[in-house]
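Report on the structure given below.
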Amino acid sequence: MIRKIVKAFAFCTPLVLTFTTVSFAQDSVVDAKKEHKTEHIVGVQMNELIRQVFNFNSSAGNAANNNPYLLIYTFKFKKSGIGIRTGVGYTYQDFTTEDGLSNKLTQINELHCRLGIEKSFQLSSKWSSGVGIDGIANLNKNYTSSILRSFDTVSTKTKSELNSFGGGAMAWLRYNISPRILIGTETSFYYATSEQKQKVEITQRDRNVFPFEVKTSITSDNSTSSVGVFSVPVTFYLIVKF
């Protein structure tokens with residue numbers, strides 16, 4: 001009886017091991033295919049970091065960099081090199097100035113977005129490039145409130161909105177530091193149509209009459225414009241692929 005059990009065990013063990021090995025091999029192939037089918041690409045602007053490390057003067061750096069997209073993201077199909085790309089940049093400023101005679105409050109909100117499609121090309125083991133088309137939207141809202149203290153105190157409130165929409169072509173070039181970490185730059189030409197709305201409210205005390213009166217005047221202005229902007233490739237991104 002014991003001999004029969006030993007023979008059965010000796011016969012079945014190689015079959016089980018073979019089946020397990022084949023199963024693991026198939027799973028590995030499937031996992032490998034899934035792993036290489038798509039990839040995510042995330043990048044962040046590193047110009048400010050470069051200025052801090054190499055002590056570049058701020059005026060030169062700010063004059064050169066006109067790319068408003070702080071963060072970029074791409075979802076790409078690796079085999080075809082086709083991907084969906086997006087970028088976003090946001091700026092908020094709130095500051096007050098006071099000199100005893102006047103008080104001024106300024107608030108600035110700027111939002112820049114883009115969405116498009118791109119095609120990438122592998123130039124070598126280290127270098128890659130891509131071209132694409134983007135749609136863009138830029139939203140800008142400013143608010144300013146100032147008070148001038150005098151015999152006739154004057155208060156001025158200004159609200160302005162500048163919204164632009166458009167699109168254009170772009171191209172990028174990247175260098176692989178490692179399989180998952182890259183450094184890249186890009187260039188683009190975007191054409192956009194803008195609409196600007198401005199409202200100015202001025203309030204003033206009139207002391208020439210008695211009792212004193214408070215007069216308020218409101219003016220509004222709407223205008224449209226179109227502009228094409230070419231961004232030179234001086235913005236650098238630190239990029240991670242996963």
Side-chain angles (χ1 to χ4, degrees), residues 39-51 56-78 80-93 108-124 126-142 160-177 181-198 222-241:
E39 63 183 0
H40 304 270
I41 301 171
V42 179
V44 61
Q45 274 196 35
M46 57 182 298
N47 287 48
E48 185 63 31
L49 176 61
I50 294 175
R51 280 198 296 268
F56 292 156
N57 65 80
S58 58
S59 60
N62 291 334
N65 182 18
N66 59 349
N67 189 323
Y69 306 106
L70 177 64
L71 298 173
I72 59 174
Y73 169 75
T74 303
F75 176 78
K76 187 179 75 172
F77 294 94
K78 191 171 182 180
S80 63
I82 296 176
I84 299 174
R85 49 185 269 112
T86 185
V88 64
Y90 177 71
T91 301
Y92 176 77
Q93 299 181 47
I108 300 175
N109 284 274
E110 293 182 355
L111 177 63
H112 303 272
C113 301
R114 73 181 181 192
L115 179 65
I117 187 171
E118 70 174 31
K119 167 68 175 177
S120 63
F121 305 92
Q122 192 67 37
L123 304 179
S124 67
K126 290 291 186 180
W127 291 95
S128 59
S129 66
V131 294
I133 298 177
D134 293 328
I136 63 171
N138 303 314
L139 310 177
N140 185 309
K141 291 186 177 181
N142 297 337
S160 63
E161 294 184 11
L162 178 61
N163 301 325
S164 60
F165 302 91
M170 57 74 57
W172 54 260
L173 181 67
R174 295 169 185 167
Y175 177 79
N176 289 60
I177 299 177
I181 300 178
L182 305 86
I183 292 179
T185 186
E186 62 180 39
T187 182
S188 63
F189 180 81
Y190 294 144
Y191 180 85
T193 300
S194 304
E195 181 181 5
Q196 184 173 16
K197 299 179 180 179
Q198 188 175 54
N222 295 340
S223 62
T224 58
S225 62
S226 299
V227 62
V229 178
F230 176 74
S231 298
V232 295
V234 295
T235 302
F236 294 95
Y237 287 95
L238 180 62
I239 300 169
V240 178
K241 297 194 304 183

Worksheet item: From I133 CD1 over to R114 CZ, what is the distance, rounded to the nearest 0.5 angstrom?
Response: 13.5 Å

Worksheet, complete the sentence: Of all heavy-atom pairs linking S226 and T193, the shortest is OG-OG1, 3.4 Å

Practice prompt. Kindly give the heavy-atom pair with the smallest separation between S231 and T187, and that separation in Å.
Written response: O-OG1, 2.7 Å

Worksheet item: When you check the side-chain N and O atoms of N140 and E110, is any donor under 3.5 Å from an acceptor?
Response: yes

Practice prompt. Say whether, by atom type as modelled, one donor and one acceptor occur between the side chain of K241 and the main chain of L182 under 3.5 angstrom.
Written response: no

Worksheet item: Say you draw a straight line from CG of L123 to OG of S128; how long is it, rounded to the nearest 0.5 Å?
Response: 6.5 Å

Worksheet item: Side-chain donor-acceptor pair under 3.5 Å between N109 and Q93, yes or no?
Response: no

Item to complete: Begin from the C-alpha positions of E39 and K76 and carry the test salt bridge (Lys or Arg N to Asp or Glu O under 4.0 Å) through to its verdict.
Response: CA-CA 5 Å; E39 63 183 0; K76 187 179 75 172; 2.9 Å; yes

Worksheet item: So, the side chain of T86 versus the backbone of L115: is there a donor-acceptor pair under 3.5 Å, distance only?
Response: no

Discussion item. Once rounded to the nearest 0.5 Å, what's the spacing between atom CD1 of I41 and atom CZ of R85?
Written reply: 10.0 Å

Check: residues 164-177 side-chain donor-acceptor pairs under 3.5 Å, at least two apart:
{"residue": "S164", "atom": "OG", "partner": "N138", "partner atom": "ND2", "Å": "3.2"}
{"residue": "W172", "atom": "NE1", "partner": "E118", "partner atom": "OE1", "Å": "3.1"}

Worksheet entry | S188 and F230, any side-chain heavy atoms less than 4.5 Å apart | no

Worksheet item: Would you call W127 and Q122 a side-chain contact if the rule is heavy atoms closer than 4.5 Å?
Response: no

Worksheet entry | M46 vs E48 side-chain heavy atoms within contact, under 4.5 Å | no

Worksheet item: Which is it for H40 and Y73 under the side chain to side chain donor-acceptor pair (under 3.5 Å) test, yes or no, and what are the steps along the way?
Response: CA-CA 7 Å; H40 304 270; Y73 169 75; 2.6 Å; yes

Worksheet item: What orientation do Y92 and Y90 show, parallel under 30°, tilted 30 to 60°, or perpendicular over 60°?
Response: parallel

Discussion item. Surrounding NZ of K197 (heavy atoms of other residues, nucleotides or ligands, distance under 6.0 Å), is the total greater than 12?
Written reply: no

Response to the item:
The reported gap from CD1 in I82 to OG1 in T74 (rounded to nearest 0.5 angstrom) is 13.0 Å

Worksheet item: When rounded to the nearest 0.5 angstrom, what distance separates CG in N47 from OH in Y237?
Response: 8.5 Å

Worksheet item: Side-chain contact, heavy-atom cut-off 4.5 Å: C113 with L111?
Response: yes

Practice prompt. Could you tell me whether L71 atom CG has more than 12 heavy atoms of other residues or ligands within 6.0 Å of it?
Written response: yes

Worksheet item: Atom NE2 in H112, atom CG in L70: separation rounded to 0.5 Å?
Response: 11.0 Å

Fill in: Expected output: side-chain Q45 to main-chain Y69 donor-acceptor under 3.5 Å
yes

